[in-house]
Asker: 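Have a look at this one.
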Amino acid sequence: MSLLVSPIGFDEKFLVRAFWRRGNKEIKEVLLIKPSDRNEKSEKALNSFSELLKQVEVPLNVLEVDPKDFTSAVSKIARELMNSRSTSFIINLSSGMRILGLEVLTAFLLLDINAELEVEMENQEGVVTWSLKDMVKGRIDVKGDVEILKAVKKGINTVSEVAREVGAPIATVWRKVNRLIEEGYLEKDEKDLLRLTVKGRISTEIYDASS
């Protein structure tokens, strides 16, 4: 069960769609970040969305911040997250002021809390999702580690096969693979086979292009 975090703007439609994409089986609580200055349109949107959540019995928490005061806004959001009992987070960046979205992102990054991010395309042709940890560079050896990532990209998915592909001792590759998993470049599927994360795929593209 996840906490959905989102700025709120003048229209609740993005929030409604964000909620119904998962529903109350996945979202256990909603945290909305709104500007402290009162606006009739945003209040109307908030009331409408609040009524929806009441019907499905999902708790709503509203945090007011001054978006013009970046330090204060990020601090208030961070404190709210620190007090949350949730262990899984979804950040919706389709609604509300852009600066509020950036302040939410900054709070998560400073607290080193991972979250799933989603942005609904303006033309409503889809929703782009990624993990917050995909935005943070981890420890990576551009030469040795990238060769391992390239091997996994080819479909080589066990440590022994990767070691054979890159011509390195299994113990060395095992150590590197564990670090790459920890840093968010690799992960293991349900069969314990290696695969690239989004950050891993992006990294292979970056270093392929620069080589």
Side-chain angles (χ1 to χ4, degrees), residues 1-9 11-38 42-43 45-67 69-120 127-138 178 181-190 197-199:
M1 300 289 282
S2 300
L3 171 66
L4 173 64
V5 183
S6 175
I8 183 165
D11 193 330
E12 74 277 12
K13 64 183 179 184
F14 291 105
L15 285 170
V16 171
R17 288 198 288 263
F19 178 78
W20 283 124
R21 275 194 288 272
R22 295 173 173 82
N24 56 356
K25 289 185 178 180
E26 183 174 347
I27 296 174
K28 72 166 188 177
E29 187 178 359
V30 176
L31 170 62
L32 296 183
I33 314 299
K34 71 181 293 288
S36 51
D37 58 326
R38 299 289 172 174
S42 61
E43 292 296 327
L46 174 60
N47 291 335
S48 176
F49 187 62
S50 177
E51 285 301 314
L52 166 65
L53 295 184
K54 285 178 182 177
Q55 293 175 22
V56 293
E57 299 181 332
V58 171
L60 170 64
N61 188 14
V62 180
L63 179 67
E64 294 190 358
V65 301
D66 179 1
D69 188 340
F70 186 82
T71 301
S72 174
V74 172
S75 300
K76 289 184 72 173
I77 296 167
R79 285 196 298 271
E80 191 72 22
L81 295 173
M82 290 171 66
N83 291 329
S84 172
R85 295 183 179 180
S86 298
T87 56
S88 176
F89 299 88
I90 301 163
I91 304 174
N92 180 273
L93 297 176
S94 306
S95 176
M97 299 171 66
R98 286 172 291 182
I99 184 59
L100 284 179
L102 292 172
E103 288 162 349
V104 168
L105 276 179
T106 303
F108 272 88
L109 289 169
L110 288 174
L111 294 177
D112 196 24
I113 299 176
N114 191 33
E116 179 184 349
L117 287 89
E118 63 172 34
V119 177
E120 186 174 340
V127 178
V128 179
T129 63
W130 69 98
S131 171
L132 188 59
K133 66 182 180 182
D134 293 326
M135 300 173 64
V136 182
K137 182 181 178 181
N178 283 336
I181 291 173
E182 183 181 329
E183 297 292 339
Y185 292 94
L186 289 174
E187 62 186 4
K188 291 185 177 181
D189 65 15
E190 61 280 357
T197 62
V198 171
K199 182 160 67 174

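Reckoned from all heavy atoms, side chains included, excluding hydrogens, waters and symmetry mates. Index from 1, following the sequence.
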Asker: For the pair K13 and E120, find out whether any cationic side-chain nitrogen is under 4.0 Å from an anionic carboxylate oxygen.
Answerer: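 No, K13 and E120 are not salt-bridged.
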Asker: Can you check whether F89's main-chain N or O pairs, donor with acceptor, with S2's side chain at less than 3.5 Å?
Answerer: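 Such a contact is absent between S2 side chain and F89 backbone.
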Asker: Between E43 and K34 (salt bridge meaning N to carboxylate O under 4.0 Å), is one present in this structure?
Answerer: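 Yes, this pair counts.
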Asker: Quick one, F19 and L15 - any side-chain contact, counting heavy atoms below 4.5 Å?
Answerer: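 No, their side chains stay 4.5 Å or more apart.
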Asker: I need the minimum non-hydrogen distance between V56 and N24, along with the two atoms involved.
Answerer: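 Answer, listing the atom of V56 first, then N24: O-ND2, 3.3 Å.
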Asker: Give, for atom CG of D134 and atom OH of Y185, the distance between the pair rounded to the nearest 0.5 Å.
Answerer: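 With rounding to 0.5 Å, CG (D134) is 10.0 Å from OH (Y185).
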Asker: I need the E64 CD to D37 CG distance, nearest 0.5 Å.
Answerer: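 Going from the CD atom of E64 to the CG atom of D37 covers 9.0 Å.
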Asker: Are I90 and E26 packed together at the side-chain level, in the sense that at least one heavy-atom pair is separated by less than 4.5 angstrom?
Answerer: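 Sidechains of E26 and I90: in contact.
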Asker: Measure across L31 and L3 and return the closest heavy-atom pair with its distance rounded to 0.1 Å.
Answerer: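 Taking L31 first and L3 second, the nearest heavy atoms are N-CD1, 3.8 Å.
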Asker: Looking at V65 and I33, what are the two nearest heavy atoms and their distance?
Answerer: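 Nearest pair, atom of V65 first, then I33: CG2-CG2, 3.8 Å.
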Asker: Step by step, work out the side chain to side chain contact (heavy atoms under 4.5 Å, CB included) result for I99 and F70.
Answerer: CA-CA 9 Å; I99 184 59; F70 186 82; 4.2 Å; yes
Asker: How far apart are the C-alpha atoms of T106 and I77, what are their side-chain angles, what is the distance that settles it, and do they pass the side chain to side chain contact (heavy atoms under 4.5 Å, CB included) test?
Answerer: CA-CA 9 Å; T106 303; I77 296 167; over 6 Å; no
Asker: If you look at every heavy atom in S86 and S84, which pair is closest and at what distance?
Answerer: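 Closest approach of S86 to S84: N-OG, 3.0 Å.
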Asker: Could you tell me whether K199 and E187 have a side-chain N and a carboxylate O separated by less than 4.0 Å?
Answerer: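 Judged by the 4.0 Å cut-off on N to carboxylate O distance, K199 and E187 do not form a salt bridge.
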Asker: Is there any side chain to side chain donor-acceptor pair (under 3.5 Å) pair reaching into residues 107-116, and which pairs are they, with sequence neighbours excluded?
Answerer: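 Matches after skipping sequence neighbours: R22-E116, N114-S131.
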Asker: Find the distance between CG (L63) and CG (L32) and round it off to the nearest 0.5 Å.
Answerer: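 That separation rounds to 10.0 Å.
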Asker: Look up atom CG in N47 and atom CG in L52, then write down how far apart they are to the nearest 0.5 Å.
Answerer: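 N47 CG to L52 CG: 13.0 Å, rounded to 0.5 Å.
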Asker: Evaluate the side chain to side chain contact (heavy atoms under 4.5 Å, CB included) criterion for residues I113 and L132: first the C-alpha distance (whole Å), next the side-chain angles of each, then the deciding distance (0.1 Å), finally the verdict.
Answerer: CA-CA 8 Å; I113 299 176; L132 188 59; 5.9 Å; no
Asker: Report yes if the side chains of W130 and T197 come closer than 4.5 Å at any heavy-atom pair, otherwise no.
Answerer: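 No, every pair of side-chain atoms sits at 4.5 Å or beyond.
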Asker: Can you list every side chain to side chain donor-acceptor pair (under 3.5 Å) pair that touches residues 74-83, not counting sequence neighbours?
Answerer: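 Residue pairs passing side chain to side chain donor-acceptor pair (under 3.5 Å), neighbours aside: N61-E80.
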Asker: At their closest point, which heavy atom of V58 faces which heavy atom of I27, and how far apart are they?
Answerer: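 Where V58 meets I27 most closely, the heavy atoms are CG2-O, 3.9 Å.
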Asker: I need the E12 CD to S6 OG distance, nearest 0.5 Å.
Answerer: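 It is 12.0 Å, given to the nearest 0.5 Å.
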Asker: When rounded to the nearest 0.5 angstrom, what is the spacing between OG in S48 and CG in D11?
Answerer: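 Going from OG on S48 over to CG on D11, the span is 9.0 Å.
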Asker: Give me the atom names and distance for the closest heavy-atom approach of A78 to A107.
Answerer: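 Reported closest heavy-atom pair: N-CB, 3.9 Å.
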Asker: Got a donor-acceptor contact below 3.5 angstrom from the N92 side chain to the A18 backbone?
Answerer: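 Checking the backbone N and O of A18 against the side chain of N92, no donor-acceptor pair under 3.5 Å is found.
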Asker: Taking P7's backbone N and O only, do any of them form a donor-acceptor pair with S95's side chain (distance below 3.5 Å, no angle check)?
Answerer: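 A pair under 3.5 Å: yes.
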Asker: Would you say that D66 contacts S72 through its side chain, given a criterion of any heavy-atom pair below 4.5 Å between the two side chains?
Answerer: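 Sidechains of S72 and D66: no contact.
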